[in-house]
Amino acid sequence: MSIQLKKGALQLCVLGLLSKRDMYGFELVGAISKHVKIAEGTIYPLLKRIKDEGCVTTYLKESQEGPPRKYYQITATGQRILLELLDEWSSLVAGVKNILEESQ
């Protein structure tokens, strides 16, 4: 999979997961890794970028297993962008499906 396509899909996955509940970075990696092969270091630059864009905010929460964890919470902007990305993703998947069906 191309790097750009994977980055876009990962942003969609992260925002989708955060739309259900707040999560910390390693937790996001684990949830995504169940379905898509990613390196842990891939998520953190993405989280920084979407935070800088106003899609998420962060807060610290105490952890029983070590230092406080930084949790990510989707914002109204993030919700709006998630809906836009879902629409774009659906169009892309439908278009690719149509092309593949026509080529057979």
Side-chain angles (χ1 to χ4, degrees):
M1 180 182 292
S2 81
I3 299 293
Q4 287 305 105
L5 183 58
K6 195 169 190 177
K7 281 183 181 180
L10 286 177
Q11 180 175 353
L12 177 58
C13 292
V14 166
L15 291 175
L17 288 167
L18 293 176
S19 73
K20 303 298 181 208
R21 66 182 176 89
D22 300 354
M23 299 174 86
Y24 57 94
F26 190 71
E27 188 177 20
L28 283 163
V29 171
I32 293 169
S33 293
K34 290 179 184 176
H35 306 281
V36 179
K37 183 179 177 179
I38 60 165
E40 182 179 335
T42 306
I43 291 295
Y44 293 100
L46 170 66
L47 289 169
K48 181 186 180 331
R49 183 174 55 79
I50 65 174
K51 182 179 183 221
D52 291 347
E53 293 171 354
C55 295
V56 298
T57 58
T58 61
Y59 61 91
L60 291 177
K61 186 175 179 182
E62 291 298 321
S63 169
Q64 301 282 352
E65 300 148 7
R69 292 180 172 152
K70 182 189 285 188
Y71 277 78
Y72 294 84
Q73 181 178 49
I74 195 166
T75 63
T77 298
Q79 291 282 3
R80 181 181 51 77
I81 289 175
L82 172 60
L83 293 176
E84 291 171 8
L85 290 173
L86 282 169
D87 187 48
E88 290 174 15
W89 182 259
S90 295
S91 295
L92 175 65
V93 169
V96 169
K97 183 179 180 217
N98 288 337
I99 291 167
L100 294 176
E101 288 173 353
E102 290 173 5
S103 69
Q104 294 182 3

Practice task
Please answer whether the main-chain N or O of G30 pairs with a side-chain N or O of S33 as donor and acceptor at a distance below 3.5 Å.
Solution key: no
Exercise for the section: Could you tell me whether the side chain of S63 and the main chain of R69 form a donor-acceptor pair under 3.5 Å? Expected result: no
Practice task
Give a yes or no on whether Y44 atom OH has more than 12 heavy-atom contacts from other residues, nucleotides or ligands under 6.0 Å away.
Solution key: yes
Problem - side chain to side chain contact (heavy atoms under 4.5 Å, CB included) against E102, all qualifying residues, sequence neighbours excluded - result: none
Exercise for the section: Not counting sequence neighbours, which residues clear side chain to side chain contact (heavy atoms under 4.5 Å, CB included) with V96? List them please. Expected result: L92, L100
Heavy-atom pair of closest approach, residues [X] and [Y]:
X   : Y   : answer
V14 : I43 : CG2-CD1, 4.0 Å
I81 : Q11 : CG2-NE2, 4.0 Å
S19 : I74 : CA-CG2, 4.1 Å

If you measure from [atom1] on [X] to [atom2] on [Y], what distance do you get to the nearest 0.5 Å?
X   : Y   : atom1 : atom2 : answer
T77 : L82 : OG1   : CG    : 12.5 Å
R21 : E27 : CZ    : CD    : 4.0 Å
E53 : T75 : CD    : OG1   : 10.5 Å
I32 : M23 : CD1   : CE    : 8.0 Å
T57 : I50 : OG1   : CD1   : 10.5 Å
L83 : Q79 : CG    : CD    : 7.0 Å

Problem - Same cluster (ILVMFWY, side-chain, under 4.5 Å), L47 and L60 - result: no
Handout entry: Cluster check V93, L12: I/L/V/M/F/W/Y, side chain < 4.5 angstrom
Key = yes
Handout entry: Verdict with reasoning, D87 to E84, per side-chain contact (heavy atoms from CB on, under 4.5 Å)
Key = CA-CA 5 Å; D87 187 48; E84 291 171 8; 5.8 Å; no
Evaluate the side-chain proximity of [Y] to [X]: yes if any heavy-atom separation is below 4.5 Å, no if none is.
X   : Y   : answer
L28 : L18 : yes
D22 : K61 : no
L15 : V56 : yes

Handout entry: Pairs meeting criterion ring-ring contact (aromatic ring centres under 6.0 Å, His included) with involvement of residues 60-85, two or more places apart
Key = Y24-Y71, Y59-Y71
